[in-house]
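What follows is one structure encoded as structure tokens, with my remarks underneath.
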Number of protein chains: 2
Amino acid sequence: MSLPTNEYIPHISYDSVIFGFSGEKLKILILEYHNMKTYALPGGFVKMDEPLDDAVKRGLSERTGLDKIYLEQFHTFGSMQRFKPEIMRRILEEQGHQVEDHWMLGRFITVGYYALINYESVIPTPDALSDSIDWYDYDQLPELMMDHRELVEKALEHLRIHLDHKLLSFNLLPDKFTMKELQQVYEAILGEELNRANFQRKMLSLGILQRHDKLYTGGSHKAPYLYSFKKN
Amino acid sequence: MSLPTNEYIPHISYDSVIFGFSGEKLKILILEYHNMKTYALPGGFVKMDEPLDDAVKRGLSERTGLDKIYLEQFHTFGSMQRFKPEIMRRILEEQGHQVEDHWMLGRFITVGYYALINYESVIPTPDALSDSIDWYDYDQLPELMMDHRELVEKALEHLRIHLDHKLLSFNLLPDKFTMKELQQVYEAILGEELNRANFQRKMLSLGILQRHDKLYTGGSHKAPYLYSFKKN
DNA sequence: TCAAAAGTGTTCCCTGTACACCCATGG
DNA sequence: CCATGGGTGTACAGGGAACACTTTTGA
């Protein structure tokens, strides 16, 4: 595996907050650098003649194996607090790379994106600099490098604002799901409990849900309907 | 006057949509390049060791003479459609600059900001590359270079969404104003008419307006109260 | 027949909207 | 005393929140 070379634009990067949902919990993909106990958001660089959005899609496909990903830009971070060349130097040295004047040691302005993906369909894949990439519960994140924690919070803030407006939540679920699962996604994102009856009514009143056959789980209670999102 | 040198980060710029309000109209500061009939948003570059937000504030102060400006980042644009080196080449040549391999001819990713300022307190000041900077009505903008029209639309979109949420509108008005003026600002931004009675009630119910003495305009009707925003 | 969860119904309250009415002011 | 615009009152509709009731399922 090889490092990015200077076919990339210097001083510009992107970082992505990749949300998934499983076991009633909101989860985020976090990578760990080799032997470093240093945790970070998956990010990358933009090629000289590559559209910014394409660069992010490329990176996300490599990390998740997914092709069509719901992606939204939320903020660009350009403070000097985020300039910590020692950390990147240690990461590069650990890999045995020549580090003097390496372009990755420069000061970076990073564009933050968040993605919503279906937890089950992902195969997390590490990149050249990291030895692991895994899901972490939002409320049990490890300490993240630089300002990445701030990125997570700002991404979630944006997601909360746009949750109703753009009906994003279905990106986190499989094709068919129960009303309870949909409600759990909302609750995980919003961080609060919602009234079951009112939630059901509100979702149905939007007219974007397709009702399917009931799902018999074997539980000793009424079987719930399955729903999918209409694709018009 | 001198051009920016390479103490600036290459390939990164910012552009600002500066909103003002006068004569019931929403206005935007647009600059024109020397003898070019080319119109653009005021923008600039980031110094190597300068925080992004500071760079934008610096540029806006130079252009407007104002110090404390309400400023909000709204989106970062990184498509390849915005790479039009011929235009920048002509602008530089017109100024008699050496243009071969000039860093300003490279491909740029630009961070979009919008600002809200008090129309009356501004002294628009051109920069080295432009010979004029003036207010244009939002609904009578000239044709703008590259994707700057798209920036304007996206800025206004963000402003509309955050208008109520953050109570931004007072940045566009003088210290004291009438309820009618405030309503006109809202109507100019939202692009729709609002009910006078309900608008008044809603604003007052927010508890952020301080009522002052009445303003006698000499008009043959009831004199309106003046208001200011509470600063807590 | 019982508990648990799903589905639906009812009531209350708040907010936004539309419209009506009175008040101050200068001609 | 009239036209104009400012300030306030009222009545109605729609949506959210809280809660109750019924239905389905397996044990």
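Naming convention: chains lettered A, B, ... in sequence-line order (proteins, then strands); numbering from 1 in each chain.
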Can you give the dot-bracket line for DNA chain D, where a pair is Watson-Crick or G-U wobble with both atom distances under 3.5 Å, crossing pairs use [ ], and | marks a partner on another strand?
|||||||||||||||||||||||||||

Where do A/Tyr186 and A/Phe199 land on the ring-ring contact (aromatic ring centres under 6.0 Å, His included) test, with the steps shown first?
CA-CA 10 Å; A/Tyr186 266 73; A/Phe199 182 83; 5.2 Å; yes

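- In this structure, A/Tyr216 places its OH atom 16 Å from P of D/dT23, rounding to the nearest Å.
- Under the 4.0 Å criterion applied to side-chain N and carboxylate O atoms, A/Arg149 and A/Glu143 are not assigned as salt-bridge partners.
- Using a 4.0 Å cut-off between a side-chain N of Lys or Arg and a carboxylate O of Asp or Glu, A/Lys154 and A/Glu150 do not qualify as a salt bridge.
- Taking atom NE2 of residue B/His221 and atom P of nucleotide C/dG27, one finds them 11 Å apart after rounding to whole Å.
- Listed candidates were C/dG7, D/dG6, C/dA4. Nearest to the side chain of B/Lys180 is D/dG6.
- If you take NZ of A/Lys214 and P of C/dA5, they are 16 Å apart, rounded to a whole angstrom.
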List, one per line, each side-chain donor-acceptor pair under 3.5 Å for residues 65-79 of chain B, sequence neighbours excluded.
| unit_1 | atom_1 | unit_2 | atom_2 | d |
| --- | --- | --- | --- | --- |
| B/Tyr70 | OH | B/Glu72 | OE1 | 2.5 |
| B/Glu72 | OE2 | B/Lys166 | NZ | 2.9 |
| B/Gln73 | OE1 | B/Tyr113 | OH | 3.4 |
| B/Thr76 | OG1 | A/Thr76 | OG1 | 2.4 |
| B/Ser79 | OG | B/Gln81 | N | 3.3 |

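- The interatomic distance linking B/Asp213 (CG) with D/dG7 (P) rounds to 13 Å, in whole Å.
- In this view, A/Asp53 satisfies the salt bridge (charged side-chain N to carboxylate O under 4.0 Å, His left out) rule with no residue, not counting sequence neighbours.
- Evaluation of the side chain to side chain donor-acceptor pair (under 3.5 Å) rule for B/Tyr39 yields no partner, not counting sequence neighbours.
- For B/Arg211, whose side chain is taken as the heavy atoms from C-beta onward, the closest listed nucleotide among C/dG7, D/dT25, D/dT8 is D/dT8.
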Result block: side-chain N/O donor-acceptor pairs under 3.5 angstrom for residues 221-228 of chain B, not counting sequence neighbours:
| unit_1 | atom_1 | unit_2 | atom_2 | d |
| --- | --- | --- | --- | --- |
| B/Tyr227 | OH | B/Arg211 | NE | 3.1 |
| B/Tyr227 | OH | B/Arg211 | NH2 | 2.8 |
| B/Ser228 | OG | B/His212 | NE2 | 2.7 |

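- Aromatic ring orientation, B/Phe19 versus B/Tyr114: perpendicular (interplanar angle above 60°, classes split at 30° and 60°).
- Atom pair B/Leu215:CG and D/dG7:P shows a separation of 10 Å (rounding to whole Å applied).
- One atom, CG of A/Leu206, and another, C1' of D/dG15, lie 12 Å apart when rounded to the nearest Å.
- The pair B/Lys27-B/Asp139 fails the salt-bridge criterion, with no side-chain N (NZ, NE, NH1 or NH2) lying under 4.0 Å from an Asp/Glu carboxylate O.
- Among the nucleotides D/dG7, C/dG7, C/dA24, the one closest to any side-chain atom of A/Met179 is C/dG7.
- Listed nucleotides: D/dT25, D/dG6, C/dG26. Nearest to the side chain of B/Lys222: D/dG6.
- Heavy-atom distances under 4.0 Å link DNA chain C to B/Asn195, B/Ala197, B/Asn198, B/Arg201 of residues 188-204 of chain B, given in residue order.
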